[in-house]
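Every chain is numbered from 1 and lettered A, B, ... according to where its sequence line falls, protein lines coming before strand lines. Computed from heavy atoms alone, side chains included, the values below leave out hydrogens, waters and symmetry copies.
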Amino acid sequence: MIEKEKIITDVYNALQKKVAYEDIIIEQPKERSMGDLAIPCFGFAKILKKAPQQIASEIKENLKGDYHSVVIAGGYLNFFLKRAGITEKVLAEAHHDGYGQLSFGGGKTIVIDYSAPNIAKPFSVGHLRSTVIGNALRNICQKCGYQVVGINHLGDWGTQFGKLIAAYKKWGDEEKIRKNPIDELTALYVRFHQEEQNDEKLSDEGRYYFRQLELGNEECVNLWRWFREESLKEFMKTYQLLGIDNFDTYDGEAFYNDKMQKVIEELDDKNILTNSEGAKVVTFDQLPPALIEKQDGATLYITRDLATAFYRKKTYDFAEALYVVGNEQQLHFQQLKAIIKKMGYNFADDIFHVNFGMILQDGKKMSTRHGKTVKLHDVLEEAIEKVSSYTNDYELKRKVGIGAVIFNDLKHYRTNDVEFNLDDILRFEGETGPYVQYTYARIQSLLKNKKEMSITMENIVINDLIWYLVFKVYNFSNIIEKAKNDYDPSQVAKYVLTLTQDFNKWYAEERIMEGDENYIQFKLLVCEAVGSVIKESLSLLGVEAPKKM
RNA sequence: GCGUCCGUAGAUCAACUGGAUAGAUCGUCUGACUUCGGAUCAGAAGGUUGUGGGUUCGAUUCCUACCGGACGCACCA
């Protein structure tokens with residue numbers, strides 16, 4: 001926002017540059033009635049050895065610049081801006097598609113790794129967060145002018161496939177799996193687990209088949225490929241419901257099988273590996289050691305992730321690589337970055353673990369083992385079903401139901417754990433997606449009254465409620481930039497909530513369609529601007545904005 | 001045991017990362033124009049910010065010790 005820099009510069013000059021430019025902080029006052037922007041003067045007190053209030057009044061005396069008014073309150077200097085100029089500018093620009101677009105990304109590439117469900121396991125609500133946060137970050141980064149590559153790093157490899165193949169050969173039924181792949185495969189896996197407890201031979205069998213799979217045994221590979229295809233088909237149904245199906249690649253763990261040996265060799269060459277109890281590990285000063293190769297020569301999660309990171313750097317030459325993965329993997333990513341750094345690559349600093357809190361149930365982690373998984377697809381369908389009391393239009397029900405689910409997740413700051421609560425997810429009133437969508441739809445119906453006519457600002461009084469809306473719309477791109485820098489979509493969600501709340505307050509207070517025609521059309525322009533920012537915000541979050549609902 | 005994160009109204013979350021009288025939503029209670037869309041709006045009640053110290057002009061935010069919780073910590077991913 002230009003006004004912020006103007007004010008800082010004016011204050012800087014008024015202080016006769018006795019205070020460093022960077023030390024001048026600008027913020028929004030607690031209450032909007034106190035001013036549009038504020039400069040706290042407490043920090044200057046030490047440097048200038050005067051009371052903050054006194055400094056504030058001295059600044060005010062020496063201040064040049066075109067403000068509506070400047071008010072001293074406590075140690076604060078509160079600025080009221082001239083409304084007309086900004087309003088005119090905002091109304092001229094905000095209704096264009098793509099309002100708020102930024103360019104600081106400069107076309108550089110950001111790789112985002114998100115969603116990543118596990119093959120042959122249910123797509124649970126636990127995967128919702130990674131999926132929607134990753135998708136929102138994708139949109140936000142694009143809005144900032146970055147090129148984005150969205151990667152769905154499927155969990156499609158590992159010893160569990162040996163077990164699954166063994167289980168299938170024992171008890172599997174092709175027909176059943178075709179009909180209901182995930183449930184059947186999960187059932188096989190669970191049964192194998194149970195019987196394994198009493199029968200050690202089974203464990204050996206599982207290991208045997210995984211080894212065969214690794215060696216490329218045709219039957220095993222074909223089974224694996226089939227499991228993967230069937231699972232992915234079913235995942236796609238969920239992705240389509242969510243409206244998040246635009247991944248650039250679904251290459252998962254298996255894709256890196258032939259790329260790990262090179263990494264191990266390089267680690268060896270650089271003398272980073274040490275031997276410990278027959279396994280190869282990397283040790284650190286500050287972190288616990290990372291196991292790279294097992295006693296039996298098999299690779300591990302971090303080995304694969306190293307290969308992945310190098311492949312991505314080479315393929316995409318990213319400026320940033322984001323991993324939208326839960327809190328519980330923090331140590332893993334610290335180790336990953338530390339190893340890459342040890343190998344002498346600075347791009348380790350461009351890797352960011354965008355961590356998020358878990359979805360808990362009864363205060364505990366959900367897990368397949370305890371039978372505590374809730375399938376995401378079921379939750380989504382329930383959400384859609386709940387809209388039936390408002391409409392029969394399926395597409396509309398989908399947009400609203402899914403909007404509620406996605407918005408509910410994204411409005412919370414990502415790193416906190418959240419308790420799974422179906423009632424909260426399915427709520428349509430208050431701080432929810434449908435509330436925002438409803439406001440948008442209401443605006444669209446108002447806009448039917450809009451005429452193609454030029455208006456004059458001369459006789460228009462921009463009252464507080466209108467001004468708050470305009471000023472907020474004006475601030476949109478700042479929010480996007482902040483959301484990108486913090487990798488935090490919730491800032492967009494919170495922003496659009498307050499914008500719609502403000503709008504609804506105004507709507508209840510002032511009749512839009514009353515007054516002279518010039519004023520009516522002016523108000524409709526305000527509506528249009530607010531509507532377009534609501535729509536843009538929702539689309540950044542991956543939520544659709546129906547025109548009617 | 002060690003490490004990371006968390007603890008704010010009855011519930012779910014905010015607080016611009018150290019700033020002004022700690023704000024919203026749900027729930028509860030009371031209201032709203034013979035309606036530009038009531039999936040809305042106005043109002044009421046609800047707080048010693050887990051506890052005790054400390055740092056400073058100023059602390060929900062930083063430091064410290066406890067209490068309580070979640071998650072990690074070598075052959076799963």
Which dot-bracket string fits RNA chain B when only Watson-Crick or G-U wobble pairs with both atom distances under 3.5 Å count, crossing pairs get [ ], and | stands for a partner on a different strand?
-> (((((((..((((.....[...)))).(((((.......))))).....(((((..]....))))))))))))....

Please determine if a side-chain N or O atom of A:Asn327 lies less than 4.0 Å away from the OP1 or OP2 oxygen of B:C71.
-> no

To the nearest Å, how far apart are A:Gln286 CD and B:U4 P?
->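 Computing the A:Gln286:CD to B:U4:P distance gives 11 Å.
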
Taking atom P of B:A77 as reference, at what distance in whole Å does atom OH of A:Tyr301 sit?
-> 10 Å

Under-3.5 Å donor-acceptor pair between A:Thr432 side chain and B:A39 base | no

Between the base of B:A20 and the side chain of A:Asn78, is there any donor-acceptor pair under 3.5 Å?
-> yes

Distance under 6.0 Å and angle within 45° of ring axis: A:Lys163 vs A:Phe192 | no

Looking at the side chain of A:Gln330, which of B:C41, B:A24, B:U4 is the nearest nucleotide?
-> B:U4

Report the nucleotide, chosen from B:A20, B:C41, B:G37, that has the shortest atom-to-atom distance to any side-chain atom of A:Ser445.
-> B:G37

Is the glycosidic torsion of B:U17 within 90° of 0, making it syn, or is it anti?
->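 Syn, which is what one calls it when the glycosidic angle falls within 90° of 0.
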
Which pairs pass ring-ring contact (aromatic ring centres under 6.0 Å, His included) with one or both residues in residues 22-45 of chain A, sequence neighbours excluded?
->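 Only A:Phe42-A:Tyr76 qualify under ring-ring contact (aromatic ring centres under 6.0 Å, His included).
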
A:Tyr435 versus A:Asn504, side-chain donor and acceptor atoms under 3.5 Å | yes

